Amino acid sequence: MGTDLQSVLITKEEIDTKLAELAAEIDAEYAGRDLLIVGVLKGAVMVMADLARALSTPVTMDWMAVSSYGAGTKSSGVVRILKDLDTDIGGRDVLIVEDIIDSGLTLSWLLSNLSSRGPASLNVCTLLRKPEAAKVDIDVKYVGFDIPNEFVVGYGLDYAEKYRNLPFVGTLAPHVYGG
Ligand SMILES: O=P(O)(O)OC[C@H]1O[C@H](OP(=O)(O)OP(=O)(O)O)[C@H](O)[C@@H]1O
Ligand code: HPA
Ligand SMILES: [Mg+2]
């Protein structure tokens with residue numbers, strides 16, 4: 001596992017099983033429709049890649065990169081677009097794919113931004129969700145795992161841009177934070 005990691009929270013097998021379940025639900029919901037899945041860079045790269053391959057429904061894929069900024073806090077809710085969609089989503093069925101909803105502020109901003117472009121439908125799929133997200137009024141249709149309020153890495157999620165390539169979701173040892 002490596003000494004930087006404290007524990008494995010969700011194994012690769014658990015992720016694979018969950019993504020297969022979510023893919024079956026998404027297949028059922030979007031059967032016969034023309035679905036566009038939108039990944040939020042960079043965290044959602046792994047979920048997008050594996051979820052897309054678990055789907056039977058043909059989809060098109062697009063990406064957005066956003067950055068939240070503010071005085072030191074991770075997510076201020078003030079978001080800047082670093083890379084916009086290549087696709088015009090007017091009249092399209094759109095599913096946003098995220099790795100994690102933590103404060104919910106990134107997603108809340110994304111939902112209002114994308115809904116103003118007039119999609120036929122707009123839903124959200126996230127692998128992970130933390131309890132804080134309940135404080136924000138967002139409707140998340142597909143949730144993989146509700147997890148405790150701990151900092152997690154792996155499977156796309158980073159700490160200072162590291163650990164994204166771990167095949168599982170884990171928690172960090174205190175010394176990594178300087179503890
Ligand atoms: O619910 P929130 O508190 O807003 O946090 C969740 C967002 O934060 C992370 O992305 P980040 O902005 O760190 O960029 P990254 O995806 O490139 O790691 C994560 O991938 C989500 O997009
Ligand atoms: O727990 C987390 N880990 C990594 N990135 C994150 N972005 C929001 N919450 C997290
Ligand atoms: Mg992200």
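Only a predicted model underlies this, so the values are computations on that prediction, with no experimental measurement involved. In each ligand, atom 1 is the first atom listed, and ligand 1 is the first ligand listed. Residue numbers run from 1 in the order of the sequence given.
The distance criterion of under 3.5 Å between nitrogen or oxygen atoms is met by V152 with respect to ligand 2. Ligand 1 has a nitrogen or oxygen under 3.5 angstrom from a nitrogen or oxygen of G104. For ligand 1, the polar-atom distance check finds no N/O of L157 at less than 3.5 Å from any of the ligand's N/O atoms.
Near S103, with a cut-off below 4.0 Å to any heavy atom, the atoms of ligand 1 are 1 (O), 2 (P), 3 (O), 4 (O). Here is the list of ligand 1 atoms found below 4.0 Å of a heavy atom in D158: 18 (O). Which parts of ligand 1 touch L105 is read off a 4.0 Å heavy-atom cut-off, strictly below it: atoms 1 (O), 4 (O). For ligand 1, the atoms lying closer than 4.0 Å to a non-hydrogen atom of L41 are 16 (O), 17 (O). Shown in contact with D158 at under 4.0 Å from a heavy atom are these atoms of ligand 2, numbered in order with element: 4 (C), 5 (N).
Judged by distance alone, with hydrogens and angles left aside, the side-chain atoms of D27 form a donor-acceptor pair with the main-chain N or O of S56 at under 3.5 Å. Counting only distance, with no hydrogens or angles, the side chain of R53 and the backbone of A49 share a donor-acceptor pair below 3.5 Å. Distance alone, capped at 3.5 Å, places no donor-acceptor pair between the T126 side chain and the R129 backbone.
Residue contacts with ligand 1 include I100, since one of its heavy atoms falls under 4.0 Å from the ligand. At least one heavy atom of R164 sits less than 4.0 Å from an atom of ligand 1. Put simply, no part of V153 is less than 4.0 Å from ligand 2, judged by heavy atoms.
When heavy-atom distances to ligand 1 are checked against a 4.0 Å cut-off, E98 comes that close only through its side chain, counted from C-beta outward. At a 4.0 Å heavy-atom cut-off, ligand 1 touches T106 through backbone and side chain alike. Contact annotation for D102 and ligand 2: only side-chain heavy atoms (C-beta onward) come within less than 4.0 Å of the ligand. Contact annotation for K130 and ligand 1: no heavy atom of the residue comes within less than 4.0 Å of the ligand.
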What's the verdict on side chain to side chain donor-acceptor pair (under 3.5 Å) for R33 and T57, showing C-alpha distance, side-chain angles and the deciding distance?
CA-CA 8 Å; R33 285 154 75 186; T57 309; over 6 Å; no

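Annotation: side chain to side chain contact (heavy atoms under 4.5 Å, CB included) contacts of V45 (sequence neighbours excluded): L41, W63. A search for side-chain hydrogen bond (donor to acceptor under 3.5 Å, both in side chains) contacts involving T17 returns nothing, not counting sequence neighbours.
With D99, D102, V47, V136 as candidates, the residue nearest to atom 5 (O) of ligand 1 on a non-hydrogen basis is D102.
At a threshold of 4.0 Å, the pair K42-E161 counts as salt-bridged, since one of the basic side-chain nitrogens sits closer than that to a carboxylate oxygen. Taking a cutoff of 4.0 Å between a charged side-chain nitrogen and a carboxylate oxygen, E25 and K141 do not qualify as a salt bridge.
Counting non-hydrogen atoms of neighbouring residues, nucleotides and ligands closer than 6.0 angstrom, the NZ atom of K162 reaches no more than 12 such neighbours. Sparse packing is recorded around CG of D137, with 12 or fewer heavy atoms of other residues, nucleotides or ligands lying under 6.0 Å away.
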